[in-house]
Amino acid sequence: MRILTCIKQVPDPESRPMINQEKTWAEYGEYTSYWINRYDEHAVEEALRIREMIPGTTVDIVSIGPERIKSAIRRCLEMGADRGFHLFIDSEDYLSPSIKSRLIAEFCHDMKYDLILTGVMSEDMMSGQTGPMLAARLGIPSATSVMKLSVNGLEGSIQVERELDSGHRCSMDLTLPALVGVQSGINRPRYPSLSNVMRAKNTEIIQIRLENSLLKVVSCETVEKIQEAGSDRAGIRLEGTTAEKAAVLWRMLREKSLL
Amino acid sequence: MSHSIMIMCEQSEGRILAVTDELIACATQIADHYDSRLTAVLPGLITEPCSISGADLLVINSPGLAQYTCEGWEKAALLATEQIKPKIIIIAHTSTGYDYAPRLAALLEGCCLTSVSGIEITGDSISYRRSGFHGKLDLLYGVGKAPLVITVLPGAFPAPDWQAEPGITRIIDADIKPKLTSHVQFSIPDQSNTELDHAEVIVAAGKGIGQAENLLMIRDMASCFKRSAIAGSRVACDNGWIEYNAQVGLTGKKVSPLLYVACGISGSAQHISGMKDSKTVVSINRDPEAAIFRYSDICIVEDLEKFIPAFLQEAKKHQS
């Protein structure tokens, strides 16, 4: 079975995005830490689990972005993935899910993947679009928010269980090839073993260069304006030492008769 | 400039769900500025006569649509677009909506914006607001000529409290069968958690609590209040710190207690939609820019491991 896992590298959620001069995008400082999108890490783990169950399975990784994303692809190789593909673009600008899904669909064209895994969304932008759009472009079925996945080997299908609103579930069979967007509770991602770390050191990440001009042509929506998020509530910030803040909070809750 | 706007009804067993009114409210905001026709689309196996206030209704009726499948809804929506030729398609950001909306956009060669929380209209152009960068920034998107599919966050556009006139209902009997999806089965895991429904105070733990041991502290804090319960964010549940039946958010429970104390929760849109109706919100987070602070009445930038013991100390002082 040939599996592709699409991953994204995301910045540390505690780092501060700085709005650019044109107020159309935001950038991060050079000391920002980046890591694999948490949901995608679950997707990689799920791919590796399938490979352990079904002999002859290969797990490829693909990601789009600038030089920095190599470390995220490397991490997947360290977890045990077979090959890493880096669709290189020398830009930190907004790249719409529509474009990303086109680029990956093009990449998939001759690869004949049976199963494509993605995280259900990215932690930073939370669009949740690239996966389903990719599936639609490839003409294959997809399911999002998947909490359970098993391969029905002989029938050429998979069984998935989706998490619905309010904790309800829905299970179904999808004919392969298919795409699955995994939800974070599906498994516990492994830590790389020393032997895999050593192996990954000697595995070359395959870089595919993308033309920046090509990306502009298919751009559909644009970010017109970006601003500090507005507040829904007029929250007050408590000041002082930890003990002082605790005392003020206690008093305020007392005044509201909550204590 | 005229827009034809298509709204995909959210339904359960053929009945139109209340969130659909919010979608109509969103569509009406756009329609108020343009000469727009609103058409709601109801895919399903519909046995009873139905209509919807504020829009015309197009029923796509087929035995193959008796229950939701991504494939079935995609086909029904495509069939409806041939009839309606919409410029904008509005879908609820629910486990159904976000499953097929991006696919629909790709197949229509259009663009897609998910979890939209607001719209801004200036002159002839409409911008769509959604949050990004871990919920820290608001982004306003403009779109070109291509058809646009948006998913709207539940709760973002309040349904009007008055009933508009119902529009005209038209039924298309179709033969839509999912070909690549089979053995569809719905289930409701037995994970009722009535404690959360009845709690007046909810103390919720997020990623920031760092380790299971710190739950003790969260419990201690909860026990300072009468009728209290503990809950968690998605990450807290994924880490096994909190049971899934006590998860607050879009995929978990929607709660509205008198007091919600968010401990180490960053405040993703998914979490916010589960707790934003709480009467008072207190947030404790060491990241001064955490999105949760925008939805809080009392904001405390502190390390939980320092602050909660200090609060417990304070509580003890007043007890004695």
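Convention: sequence-line order gives letters A, B, ...; per-chain numbering from 1. FYI, side chains are in, hydrogens and waters are out, and symmetry mates aren't considered; it's all heavy atoms of this structure.
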Just so I know, are the side chains of B:Y141 and A:E224 near enough to count as touching, which here means a heavy-atom distance under 4.5 Å? no

For B:K136 and A:E228, run salt bridge (Lys or Arg N to Asp or Glu O under 4.0 Å): C-alpha distance rounded to whole Å, both residues' side-chain angles, the deciding distance at 0.1 Å, then the answer. CA-CA 7 Å; B:K136 292 180 177 181; A:E228 297 290 336; over 6 Å; no

Can you tell which part of A:N187 gets under 4.5 Å to a heavy atom of chain B, answering side chain, backbone, both or neither? neither

Determine, step by step, whether B:Y98 and A:S145 satisfy the side chain to side chain contact (heavy atoms under 4.5 Å, CB included) criterion, reporting the C-alpha distance in whole Å, the side-chain angles of both residues, the deciding distance to 0.1 Å, and the verdict. CA-CA 9 Å; B:Y98 64 66; A:S145 214; 3.5 Å; yes

Measure the spacing between CG of B:L259 and CG of A:L258 and express it to the nearest 0.5 Å. 5.0 Å

Between A:C220 and B:C111, which heavy-atom pair has the shortest distance, and what is it? SG-CB, 2.6 Å

Using the side chain to side chain contact (heavy atoms under 4.5 Å, CB included) rule, take A:Q183 and B:R234 through it: C-alpha gap first, then chi angles, then the decisive distance, then the call. CA-CA 10 Å; A:Q183 181 52 281; B:R234 174 105 216 161; 3.0 Å; yes

Does A:K245 use its side chain to pair, donor to acceptor, with the backbone of B:V301 at less than 3.5 Å? yes

Can you check whether A:I226 reaches B:D138 side chain to side chain, under 4.5 Å on heavy atoms? no

Could you check whether any side-chain heavy atom of B:F311 comes within less than 4.5 Å of a side-chain heavy atom of A:L253, counting everything from C-beta outward? yes

What is the distance from atom NZ of B:K279 to atom NZ of A:K256, rounded to the nearest 0.5 Å? 7.0 Å

Grab the two heavy atoms, one from B:G110 and one from A:S98, that are nearest each other, plus how far apart they are. O-OG, 4.5 Å

Part of A:R188 lying under 4.5 Å from any heavy atom of chain B: side chain

Highest number of heavy-atom pairs under 4.5 Å with chain B among A:L249, A:L174, A:L259 belongs to A:L249

Pick one of side chain, backbone, both or neither for A:S15, based on which atoms fall under 4.5 Å of a heavy atom in chain B. backbone

Salt-bridge test for B:K145 and A:E221: reply yes if a basic N is under 4.0 Å from a carboxylate O, no otherwise. no

Mind running side chain to side chain contact (heavy atoms under 4.5 Å, CB included) on B:S187 and A:H168 for me, showing each step along the way? CA-CA 6 Å; B:S187 59; A:H168 293 203; over 6 Å; no

Are side-chain heavy atoms of A:S231 and B:Y295 found at a separation under 4.5 Å? no

Smallest separation among heavy atoms of A:T175 and B:K179, with atom names: OG1-O, 4.4 Å

Looking only at heavy atoms and a cut-off of under 4.5 Å, which of B:I308, B:V281, B:V201 has the most pairs with chain A? B:V281

With the side chain counted from C-beta on, respond yes when A:K225 and B:S127 share a heavy-atom pair under 4.5 Å apart, and no when they do not. no

Does the side chain of A:D173 come under 3.5 Å of the side chain of B:H183 through a donor N or O and an acceptor N or O? yes

Point-to-point distance, once rounded to the nearest 0.5 Å, from CG of B:L139 to CH2 of A:W25: 6.0 Å

Residue selection (most heavy-atom pairs with chain A, distance under 4.5 Å) from B:V282, B:T96, B:V235: B:V235

With chain A, the option among B:S296, B:A101, B:G144 that has the most non-hydrogen atom pairs under 4.5 Å is B:S296

Relative to chain A, which of B:Q270, B:K254, B:K317, B:R129 shows the most heavy atom pairs under 4.5 Å? B:Q270

Please rank B:A146, B:S115, B:S278 by heavy-atom pairs under 4.5 Å with chain A and give me the top one. B:S278

Tell me the closest heavy-atom pair linking A:S127 and B:T114, and the distance in Å. O-OG1, 2.8 Å

Is the shortest distance from a Lys or Arg side-chain nitrogen in B:D287 or A:R16 to a carboxylate oxygen in the other one below 4.0 Å? no

In terms of heavy-atom pairs under 4.5 Å, which option from B:V143, B:I298, B:L107, B:I272 contacts chain A the most? B:I298

Using every non-hydrogen atom in the two residues, find where B:F133 and A:P17 come nearest and quote the distance to one decimal. CD2-CB, 3.8 Å

Mind checking the OG1-CG spacing from A:T24 to B:L140? Nearest 0.5 Å is all I need. 12.0 Å

Under 4.5 Å heavy-atom distance to chain B, tell me which part of A:I186 shows up: side chain, backbone, both or neither. neither

Regarding B:D297 and A:R233, does a basic nitrogen lie under 4.0 Å from an acidic carboxylate oxygen? yes

Of the backbone (N, CA, C, O) and the side chain (C-beta and beyond), which part of A:P11 lies under 4.5 Å from a heavy atom of chain B, both, or neither? both

A quick test of your reading: do over 12 heavy atoms of other residues, nucleotides or ligands sit less than 6.0 Å from CZ of A:R137? yes

Verify the neighbour count for atom CD of B:E243: are there more than 12 heavy atoms of other residues, nucleotides or ligands below 6.0 Å? no

Contact summary for B:P102 and A:G128, nearest pair of heavy atoms: CG-O, 3.9 Å

What distance do A:T242 atom OG1 and B:F307 atom CZ have between them, rounded to the nearest 0.5 Å? 8.0 Å

In terms of heavy-atom proximity below 4.5 Å to chain B, should A:A247 be classed as side chain, backbone, both, or neither? both

When you compare the side chain of B:D238 with that of A:R38, does any pair of heavy atoms fall below 4.5 Å? yes

Assess whether side chain to side chain contact (heavy atoms under 4.5 Å, CB included) is satisfied between B:V184 and A:C170, documenting all intermediate values. CA-CA 7 Å; B:V184 181; A:C170 174; 3.8 Å; yes

If you count heavy-atom pairs under 4.5 Å with chain B, which of A:G131, A:G181, A:S142, A:G139 comes out on top? A:S142

Salt-bridge contact B:E314-A:R251 (side-chain N to carboxylate O under 4.0 Å): no

Pull out the residues in residues 155-164 of chain A that come under 4.5 Å of chain B, heavy atom to heavy atom, sorted by number. A:R162, A:E163, A:L164

Hey, does the Lys NZ or Arg CZ of A:R237 hover above the aromatic six-ring of B:F293, less than 6.0 Å from the centre and inside 45° of the axis? yes

d(B:R103 CZ, A:L179 CG) to nearest 0.5 Å is 8.5 Å

